[in-house]
Amino acid sequence: MLSVVNPHFPDGTPKKAFLEGSKNVMDIAKEIHKKHGLKKIVHTVGYMSPFTDDSTTWENIDVFTEIPTSLKDAHPYEQMKFLSDIYIRQEARKNEIPLAVINLPTAIGDEQIGSTAQLGGFGLFIDIIRKGSLPVIPGGEDYRLPLINKNIVAEFIVTTLFNDSKNEMTYSLVSDKEHDHNISELMSIISESMNMNKPFVTAPFGLLKFIMKFGGSKITGIPKSSLSFLTNQVFDNHLTKRDFDAELIKKMAASNIPFSIADIDFRLTYGHEKISPFTRKNIKGLLMYQLEGTQKPIVLVHGLFSDGTDLFELGLELNKQTGREILILDLPGFGRTPFIKNEDILAPYLHVIQSIKKIVPNESVFVGHSFGAALLMKAFKEGVFTNQDKIILLQPPIHKLKSEPTKLISKYLLKHTSYNRLSAYFLKRGFLINQEGASYKYLKRVKNSISSPRILNTTLQLNTALKKMNLDQKLNSQFSIVWGTKDKQYQSPADNGKMKFISSGHYFPISNPVETAKIVLKIIED
């Protein structure tokens, strides 16, 4: 297989990258074909390419010296992609090499966990929305942004390799309109997953393109070409339906879009962060990080101003010291998990605890930090756990000592704070006791998290909900508690006889993971 991949290149290089790259690829293909005979070339190109198996529209075009009328108004990047499409078709025809062309929609993360390969395309669209630069629904219900999961693309490519060659092999992977989300529906999915308000005004597509062309792009920061992915066209996919299994055809329209949105938002917020040696799992809609081990698992539940990755070091230490399997959750609206809208804001979070309880055996260990501890307390009160389960609460936020500004003011202050002010606030409240090592890394992540409306809005909403949870001051005897004595924001709960102390601040599981793991281990072994 020879596949021409379409990466994003800065202005000035698309001709060299695409046309010259395609020429080099076809030179190699022709050499192989002469010596051994190629079974087939599989070439991938964007779904907006106007060229098909009808050679009368492209056979006489000199792609190195002219641009056909159909591409005159296209962005230079798109022009070079589609001229490369022509060139590969021409060379394959001249040399009698079977050619399959796959016209790809915008590829997003896989249908299991939403893991995205790159931040172009759909990532650009999400970035525009999260910055508030697109306060309208572009085009209306007649327009759509065709999306496909990257693992489904891989299935089509592999299947194409083994299918018999035919005279016509241009396959559009754009699903039928009735099976796809229109742009209004997609904006609803994005807004809900990002915990943002959906725009309620629809702007004609032509008007938006006009505005972008004449100054709107500079004002809004939206690239002129960013809206070119939206279309009201009907795409001919009859050859795809002819040559591929019906079950695969059903998967052309992307599924699990919210998890792709959350993954993109995570990467836009924090950059590329490795999760090794953890693996990312989606078990019945529950996203978690897993570290393999033996015996009953230890489940870690993070608090506010953090996500599952902040507990990696604690998880690694617990795995090292106990050999147990470690499961770390990303709660809805945090990390790589989309926000879930519900009239009762706590309902999706309790559902997460119920779901994880169903897939782990009895006598598992549940460790919750701060809001995560409060969540375990509420789940226990509602009968989610059994008497055999061990529940460890790290800094349960039962009684707050100091009041905070209103939600609106807090949001404004957070969005406009500097790293130094944020750091000073965390130190003053006893959240941390220094800015060194793990604390510094954590504070940088907190500062970055504020740029995500999904994470910021969810944090503030749950902080408000936390005040109304009416957590019992006297903790149940089944709970074991670890308390950071330097916390100046919350008061230590009444000692239930199963309390241990650590000389650190509120976020000690993140700033002091090794010491925390040793204390948790003693509790587990008691």
Side-chain angles (χ1 to χ4, degrees), residues 7-8 107-110 112-124 126-127 130-131 150 193-195 256 258-283 286-292 299-320 326-339 369-370 372 414 419 422-423 426 432 435-459 507 509-514 516-517:
H8 179 73
I108 63 171
D110 67 86
Q112 288 300 312
I113 59 174
S115 180
T116 308
Q118 45 87 24
L119 294 177
F122 192 50
L124 176 62
I126 298 301
D127 193 29
R130 79 198 286 269
K131 289 178 178 176
K150 67 180 185 181
S193 302
M194 290 290 294
N195 198 359
N256 210 10
F259 278 95
S260 289
I261 293 167
D263 183 68
I264 289 169
D265 182 53
F266 180 91
R267 292 181 61 188
L268 290 170
T269 301
Y270 300 111
H272 179 67
E273 291 188 347
K274 295 181 180 179
I275 68 169
S276 179
F278 288 89
T279 55
R280 195 165 148 204
K281 303 285 186 179
N282 185 341
I283 303 175
L286 178 61
L287 196 72
M288 65 182 76
Y289 302 99
Q290 180 186 41
L291 193 59
E292 292 187 358
V299 181
L300 303 182
V301 188
H302 66 83
L304 304 184
F305 287 107
S306 60
D307 59 50
T309 64
D310 288 304
L311 297 180
F312 276 5
E313 292 301 320
L314 175 59
L316 285 166
E317 281 298 321
L318 288 171
N319 177 262
K320 178 182 176 182
I326 306 296
L327 300 175
I328 305 180
L329 308 184
D330 258 348
L331 294 174
F334 298 93
R336 295 177 169 94
T337 300
F339 178 74
H369 171 240
S370 193
L414 282 170
Y419 170 83
L422 184 70
S423 173
F426 270 64
L432 298 168
Q435 300 180 59
E436 301 169 2
S439 295
Y440 173 79
K441 179 182 176 182
Y442 167 66
L443 282 168
K444 293 292 287 186
R445 293 192 89 250
V446 173
K447 180 66 178 75
N448 289 338
S449 74
I450 295 167
S451 67
S452 165
R454 176 178 62 100
I455 299 171
L456 178 58
N457 292 338
T458 304
T459 299
Y507 286 91
I510 301 172
S511 62
N512 300 76
V514 176
T516 303

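If you're wondering where the values come from, they're calculated on a predicted model, not measured in any experiment. For this chain, numbers begin at 1 and follow the sequence in order.
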Arg130 and Thr269: side chain donor to acceptor below 3.5 Å = yes
Side-chain donor/acceptor of Ser452 to backbone N/O of Ser449, under 3.5 Å | no
Any residue meeting side chain to side chain contact (heavy atoms under 4.5 Å, CB included) with Gln435, in chain and number order, not counting sequence neighbours = Tyr419, Ser423, Leu427, Leu443
Going from CG on Asp330 to OG1 on Thr337, what distance comes out if it is rounded to the nearest 0.5 angstrom?
-> 4.5 Å
Checking Asp307 side chain against Phe334 main chain: does a donor-acceptor pair fall under 3.5 Å?
-> no
Leu331 vs His302 side-chain heavy atoms within contact, under 4.5 Å | yes
Test Ile126 against every option in Thr116, Ile261, Leu119 by the side chain to side chain contact (heavy atoms under 4.5 Å, CB included) rule and name the one that passes.
-> Ile261
Does Arg336 count as lying over the ring of Phe266, i.e. NZ or CZ under 6.0 Å from the six-ring centre, within 45 degrees of the axis?
-> yes
Heavy atoms, side chains only, cut-off 4.5 Å: are Asp265 and Phe339 in contact?
-> no
Hey, does the side chain of Lys441 reach the backbone of Asp310 with a donor-acceptor pair shorter than 3.5 angstrom?
-> no
Just by modelled atom types, is the Phe305 backbone N or O under 3.5 Å from a matching donor or acceptor in the Arg445 side chain?
-> no
When rounded to the nearest 0.5 Å, the distance separating CG of Leu329 from CG of Leu286 is 5.5 Å
Salt bridge (charged side-chain N to carboxylate O under 4.0 Å, His left out) against Glu292, all qualifying residues, sequence neighbours excluded | none
Is there a side-chain contact between Leu291 and Pro277, using heavy atoms and a 4.5 Å cut-off?
-> yes
Qualifying residues under salt bridge (charged side-chain N to carboxylate O under 4.0 Å, His left out), relative to Asp110, sequence neighbours excluded = none
